[in-house]
2 protein chains.
Amino acid sequence: MKLNTKSRYAVMALADMSKFPLDSPVSLRDISLRQSISLLYLEQIFLKLKKNEIVKSVRGSNGGYVLRKDPKNIKLSEIFQAVDQKVKTVGCKKDSKKGCNGKSAKCITHELWDELDLYINNFFENKNLSDLLMTKERKN
Amino acid sequence: MKLNTKSRYAVMALADMSKFPLDSPVSLRDISLRQSISLLYLEQIFLKLKKNEIVKSVRGSNGGYVLRKDPKNIKLSEIFQAVDQKVKTVGCKKDSKKGCNGKSAKCITHELWDELDLYINNFFENKNLSDLLMTKERKN
DNA sequence: TATATACCCGACTAAAATAGTCAAGTATTA
DNA sequence: TAATACTTGACTATTTTAGTCGGGTATATA
Ligand code: FES
Ligand code: FES
């Protein structure tokens, strides 16, 4: 049960952005430097964030990315979905009628993992970007 | 954010066991057949469960494994810990003072991931083996 | 006491996922 | 027109996962 860097960086980068005036573009280069994330990797991530309409891009010199919504309204679940990093706790195909064992019924633990899935997603559903910022004394 | 088979199988196998008389040994071969889990993989898993005193072994013909405690008292967190599959949400070393970026301070998202870590572990802490069994109508 | 059953244990490996990099662009502004 | 910054697809090294393999040892029962 591990969180991957793609999700972690996506949130980190967006959190970085939301500390700056929301209407002026923030360049990936700056985020890369401040947060020590590979620029090329960030580009890959932001392409997805853009496609999923979480940010919009401003090309050219002095360009960068701009948040499309107030940080208060950007839920972590949206971000995760955008970089398509889903929570996967069950062993079986989610829609299939078959179990993880190939048998026709769901296995004895299926319900448990399903519950865990919901539980975790609930966390992401109830957290937004601005929650990250209102902790006491944040710099860097 | 994905659950691996080791943890999933460990819980599945123990849940299987706890449906049988608790004092007579259950062989891995039987579990393997009922739950469609590779026997050799199960052996690997049970070695750890044994070392961590969740089960004890009975060697020889008619042998198998026996739960060391009532299923009611076996928390999922114990099982996960036994097969050493930890939850890892932060990018940094947990005890280190350094951040995931190599800098001297923790990153802007650290607190969030730490909270998530606690949140997930809380789930495992509050579930035990017997919770898996009391759902209506369980066979296979 | 022979034989089958079942646990014991370390080492090994194929395949998949992760965490990036690279190359070759295009658009915009100063 | 030079510099900045986004765009996109393909590629790759490394790590992790999900097992397998081989060669044991202990015990029950026929
Ligand atoms: S996890 Fe869905 S059937 Fe086993
Ligand atoms: S996750 Fe701990 S410092 Fe970034």
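Residue numbers start from 1 in every chain, and the chains themselves are labelled A, B, ... in the order their sequence lines are given, proteins ahead of strands.
- The side-chain hydrogen bond (donor to acceptor under 3.5 Å, both in side chains) search around Lys127(A) returns Glu115(B), not counting sequence neighbours.
- Residue pairs meeting the ring pair (Phe, Tyr, Trp, His ring centres under 6.0 Å) criterion with at least one partner in residues 68-90 of chain A, sequence neighbours excluded, are Phe80(A)-Phe124(A).
- Residues from residues 46-62 of chain A placing a heavy atom under 4.0 Å of any atom in DNA chain D, listed by number, are Leu47(A), Lys50(A), Ser57(A), Val58(A), Arg59(A), Gly60(A), Ser61(A), Asn62(A).
- Not counting sequence neighbours, the partners of Phe123(A) by the ring-ring contact (aromatic ring centres under 6.0 Å, His included) test are Tyr119(B).
- Between Ile37(B) atom CD1 and dG19(D) atom P there is a gap of 10 Å when expressed in whole angstrom units.
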Atom pairs, protein N/O to nucleotides 14-18 of chain D N/O, distance under 3.5 Å:
residue : atom : partner : partner atom : Å
dA18(D) : OP2  : Thr5(B) : N            : 3.0
dA18(D) : OP2  : Thr5(B) : OG1          : 3.1
dA18(D) : O5'  : Thr5(B) : OG1          : 3.2

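- Residue pairs meeting the ring pair (Phe, Tyr, Trp, His ring centres under 6.0 Å) criterion with at least one member in residues 82-109 of chain A, sequence neighbours excluded, do not occur.
- The list of side chain to side chain donor-acceptor pair (under 3.5 Å) pairs with a residue in residues 63-77 of chain A, not counting sequence neighbours, reads Lys69(A)-Glu78(A), Lys75(A)-Glu125(A), Ser77(A)-Glu125(A).
- Within the structure, every pair that satisfies the salt bridge (Lys or Arg N to Asp or Glu O under 4.0 Å) test and touches residues 87-100 of chain A, not counting sequence neighbours, is listed here: Lys94(A)-Asp117(A).
- Residues meeting the side-chain contact (heavy atoms from CB on, under 4.5 Å) test with Cys92(A), sequence neighbours left out: Val90(A), Cys100(A), Lys106(A), His110(A).
- Contacts between chain B and DNA chain C, taken as any atom within less than 4.0 angstrom of a protein heavy atom, begin and end at dT5(C) to dA17(C).
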Distance-only criterion, 3.5 Å: show the donor-acceptor pairs between side-chain atoms of residues 52-62 of chain B and protein atoms not counting sequence neighbours.
residue  : atom : partner  : partner atom : Å
Asn52(B) : ND2  : Lys48(B) : O            : 2.9
Asn52(B) : ND2  : Ala82(B) : O            : 3.4

Going by atom type alone, with no hydrogens or angles, which donor-acceptor pairs under 3.5 Å involve a side-chain atom of residues 38-45 of chain A and a protein atom two or more places apart or on another chain?
residue  : atom : partner  : partner atom : Å
Ser38(A) : OG   : Leu40(A) : N            : 3.4
Ser38(A) : OG   : Tyr41(A) : N            : 3.1
Tyr41(A) : OH   : Thr5(A)  : OG1          : 3.3
Gln44(A) : OE1  : Lys6(A)  : NZ           : 3.2

